[in-house]
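Chain letters run A, B, ... following the sequence lines, proteins first and then strands; every chain starts at 1. Here the structure is a predicted model, which means the values were calculated and not measured.
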Protein chains: 2
Amino acid sequence: MKYIEKLRNSGLRPTKQRLQICEVLFNTEKTFHFTINELNQKIKRQINNKISLATIYNTVHAFEKKGYLKQIPINSNQTYFDTNVSHHHHFYDLKDEKLIDLENSDVGPINILKKINGKKIKSVEVLVKLED
Amino acid sequence: MKYIEKLRNSGLRPTKQRLQICEVLFNTEKTFHFTINELNQKIKRQINNKISLATIYNTVHAFEKKGYLKQIPINSNQTYFDTNVSHHHHFYDLKDEKLIDLENSDVGPINILKKINGKKIKSVEVLVKLED
DNA sequence: TTCGTAGTTTATAATGATTCTAAATAGGTG
DNA sequence: CACCTATTTAGAATCATTATAAACTACGAA
């Protein structure tokens, strides 16, 4: 299994549940956006197996801490995650409530002119809201 | 009262509660960021009067719909609002969990090169995460 | 291989923000 | 004033997320 090393290298034991979640999240050409609830549905369908919601929350948060997933800053009642952890941005379609990737190369360079004393910039994220 | 017309013009009846909330939100030099919970505390202190939480939620959402308040896109368990409705951006201090305004003029022009068919750009918001 | 221990998983309860409900109250118009 | 509708309210309901505590598992050491 190709995910065993990945997990071990981050200090996460490669358990059955984590490997199955890896399959669902990373064993695909495309990256995608999801909520915990959507992921739960996808696991049930794809792995044909139920993993406890608590485990899914734990695992997603562990993966996020290790940099395998990114949280997307958006106002929603649910938290959105992204399997694309490269530096990029998002469109948010207000009508369809859908996220669309906006690659870094599709946004001109962003220059933050203001500095905050004693703080470093960790990330710069752009959210472009779309309407019809 | 200077807020009566403002409310009436948006089709909102100028009730005692709404006027008091206006006082707390807009009767100040400075704009600020708040959660519903923080607003509730501020009302209790400043107006020395309790307004039902349901009313505060209703009013804040009504004001947001009318463009008197803006929701700030950020991942938090609580929703943040901003009394500064001009086009601007935010720093988010990850350690202190505090928002700081980033004026439009402090960010170079942002050029979105990708277009989505049939959709117009409604807003472009930048979130700059800060660490120590 | 077996053991021991710390890491994981799980069902379920708890939490906390937000929304809903239904009854009481208040604005505004005739 | 009289009426009708918008608004307020306390409290219940909802829903995502987190905590709990018991059962289970990975894995290094003996």
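By the 4.0 Å N-to-carboxylate-O rule, K70(A) lies too far from E64(A) to be salt-bridged with it. Taking a cutoff of 4.0 Å between a charged side-chain nitrogen and a carboxylate oxygen, K95(B) and D132(B) qualify as a salt bridge.
Bounding nucleotides for the chain A contact on DNA chain D, 5' to 3', at a heavy-atom distance below 4.0 Å, are dA16(D) to dC27(D).
K42(B) forms a cation-pi arrangement with F32(B), by the criterion of a distance under 6.0 Å to the ring centre and an angle within 45° of the ring axis. Taking the centre and axis of the six-membered ring of F26(B), the NZ or CZ atom of K6(B) falls inside the cone set by 45° and 6.0 Å.
Protein atom CD of Q78(B) is 13 Å distant from nucleotide atom P of dT19(C), rounded to whole Å. Atom CZ in F34(B) sits roughly 15 Å away from atom C1' in dA17(C) (whole-Å rounding).
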E125(A) vs K129(B), salt bridge (charged side-chain N to carboxylate O under 4.0 Å, His left out): CA-CA, chis, key distance, verdict = CA-CA 8 Å; E125(A) 291 163 276; K129(B) 291 190 180 157; 3.4 Å; yes

In sequence, state the C-alpha distance, the side-chain angles, and the governing distance for C22(B) and L7(B), and then conclude on side-chain contact (heavy atoms from CB on, under 4.5 Å).
-> CA-CA 9 Å; C22(B) 280; L7(B) 291 176; 4.3 Å; yes

Step by step, would you call T35(B) with T79(B) a side-chain contact (heavy atoms from CB on, under 4.5 Å)?
-> CA-CA 6 Å; T35(B) 63; T79(B) 303; over 6 Å; no

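If you check every strand for non-hydrogen atoms under 4.0 Å, T35(B) touches nothing.
Considering all non-hydrogen atoms of both residues, L39(B) and L25(B) come closest at CD1-CD2, 3.7 Å.
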Going 5' to 3' along nucleotides 1-15 of chain C, which nucleotides have protein heavy atoms under 4.0 Å from the base (write B), which only from the sugar-phosphate (write S), and which from neither (write -)?
-> -----BSSSBB----

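Taking the nucleotide of DNA chain C with the nearest heavy atom to each of R8(B) and N77(B), the more 5' of the two is matched to N77(B).
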